[in-house]
S.K.: 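First, the structure itself, so that you have it in front of you.
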Amino acid sequence: MQDWFKEAKLGIFIHYGIYCDGNWAESWSFHNGDVSYERYMQQCEQFTASKYDPKKWAELFKKAGANYVVLTSKHHDGVALFDTKYSDLSVVKKTPAGRDLIAPYVEAVRDAG
């Protein structure tokens with residue numbers, strides 16, 4: 001265990017992806033057989049990230065006293081929250097959100113200290 005982690009105390013881990021605007025809970029829905037992968041991936045068509053507000057998140061993290069935060073940049077459904085040259089499977093290329101969600105998150109968290 002790294003020394004900083006021993007001292008960090010409160011940390012926040014966020015799962016965020018196409019399932020946030022969709023009909024099924026995270027990608028476990030298709031993994032567990034609740035929905036087909038094809039049907040699960042249809043959530044890309046409606047994912048707008050319209051309520052995504054990393055500045056508000058960062059303010060809340062700071063107010064809560066969190067010393068580190070982690071955002072899933074690519075959940076195991078394979079959908080990246082950033083543009084990637086390795087695949088077309090990203091919120092940038094496959095959803096109406098059409099933008100990188102990681103860079104604004106990193107900026108907001110850094111700005112909040």
Side-chain angles (χ1 to χ4, degrees):
M1 182 180 303
Q2 296 180 8
D3 289 338
W4 73 265
F5 188 74
K6 293 177 187 176
E7 302 299 321
K9 306 293 182 205
L10 177 63
I12 296 174
F13 197 99
I14 299 173
H15 285 262
Y16 189 78
I18 61 170
Y19 41 82
C20 292
D21 284 347
N23 300 315
W24 296 283
E26 297 185 14
S27 48
W28 287 107
S29 297
F30 71 80
H31 176 77
N32 293 335
D34 298 333
V35 64
S36 70
Y37 179 75
E38 293 75 20
R39 192 152 178 225
Y40 172 86
M41 292 305 290
Q42 288 176 348
Q43 294 177 115
C44 285
E45 298 168 10
Q46 64 191 27
F47 181 75
T48 63
S50 63
K51 296 181 182 177
Y52 179 72
D53 191 341
K55 287 182 182 181
K56 280 189 179 177
W57 288 6
E59 291 169 10
L60 182 60
F61 302 156
K62 188 168 186 155
K63 187 184 258 187
N67 291 305
Y68 68 96
V69 294
V70 177
L71 172 63
T72 53
S73 60
K74 182 177 176 183
H75 211 274
H76 59 268
D77 57 14
V79 181
L81 298 182
F82 55 93
D83 198 8
T84 173
K85 64 181 179 179
Y86 297 105
S87 169
D88 284 343
L89 195 51
S90 72
V91 296
V92 177
K93 297 173 184 165
K94 292 288 187 188
T95 75
R99 65 188 188 280
D100 178 348
L101 301 178
I102 298 300
Y105 168 81
V106 171
E107 182 180 347
V109 170
R110 285 182 176 159
D111 287 350

S.K.: Give a yes or no on this: more than 12 heavy atoms of other residues, nucleotides or ligands lie within 6.0 Å of atom OH of Tyr68.
M.R.: yes
S.K.: Do Leu60 and Ile14 share a hydrophobic cluster (ILVMFWY, side-chain heavy atoms under 4.5 Å, transitive)?
M.R.: no
S.K.: Taking it one step at a time, do His75 and Leu81 satisfy side chain to side chain contact (heavy atoms under 4.5 Å, CB included)?
M.R.: CA-CA 9 Å; His75 211 274; Leu81 298 182; over 6 Å; no
S.K.: Are Ile12 and Tyr105 connected into the same hydrophobic cluster when the rule is that any two of I, L, V, M, F, W, Y join if their side-chain heavy atoms are below 4.5 Å apart?
M.R.: yes
S.K.: Please check if the number of heavy atoms outside Tyr86 that lie under 6.0 Å from its OH is greater than 12.
M.R.: no
S.K.: Group every Ile, Leu, Val, Met, Phe, Trp and Tyr by side-chain heavy-atom contacts under 4.5 Å, then state whether Leu10 and Val109 land in the same group.
M.R.: no
S.K.: Tell me whether the rings of Tyr37 and Tyr40 are parallel (<30°), tilted (30 to 60°) or perpendicular (>60°).
M.R.: parallel
S.K.: Indicate yes or no: at least one non-hydrogen side-chain atom of Phe47 is less than 4.5 angstrom from one of Val79.
M.R.: no
S.K.: Compile the donor-acceptor pairs under 3.5 Å between side chains in residues 88-97 and protein atoms, sequence neighbours left out, one pair per line.
M.R.:
{"unit_1": "Ser90", "atom_1": "OG", "unit_2": "Val92", "atom_2": "N", "d": "3.3"}
{"unit_1": "Ser90", "atom_1": "OG", "unit_2": "Lys93", "atom_2": "N", "d": "3.2"}
{"unit_1": "Lys93", "atom_1": "NZ", "unit_2": "Asp83", "atom_2": "OD1", "d": "3.3"}
{"unit_1": "Lys93", "atom_1": "NZ", "unit_2": "Thr84", "atom_2": "O", "d": "2.7"}
{"unit_1": "Lys93", "atom_1": "NZ", "unit_2": "Ser87", "atom_2": "O", "d": "3.3"}
{"unit_1": "Thr95", "atom_1": "OG1", "unit_2": "Val91", "atom_2": "O", "d": "2.6"}
{"unit_1": "Thr95", "atom_1": "OG1", "unit_2": "Ala97", "atom_2": "N", "d": "3.2"}

S.K.: So which pairs with a foot in residues 40-66 pass salt bridge (Lys or Arg N to Asp or Glu O under 4.0 Å), sequence neighbours left out?
M.R.: none
S.K.: Kindly indicate whether the side chain of Leu71, heavy atoms from C-beta on, has any atom under 4.5 Å from the side chain of Ile102.
M.R.: yes
S.K.: Can you sort out the partners of Tyr52 under ring pair (Phe, Tyr, Trp, His ring centres under 6.0 Å), two or more places apart, ordered by chain and number?
M.R.: Tyr16, Trp57
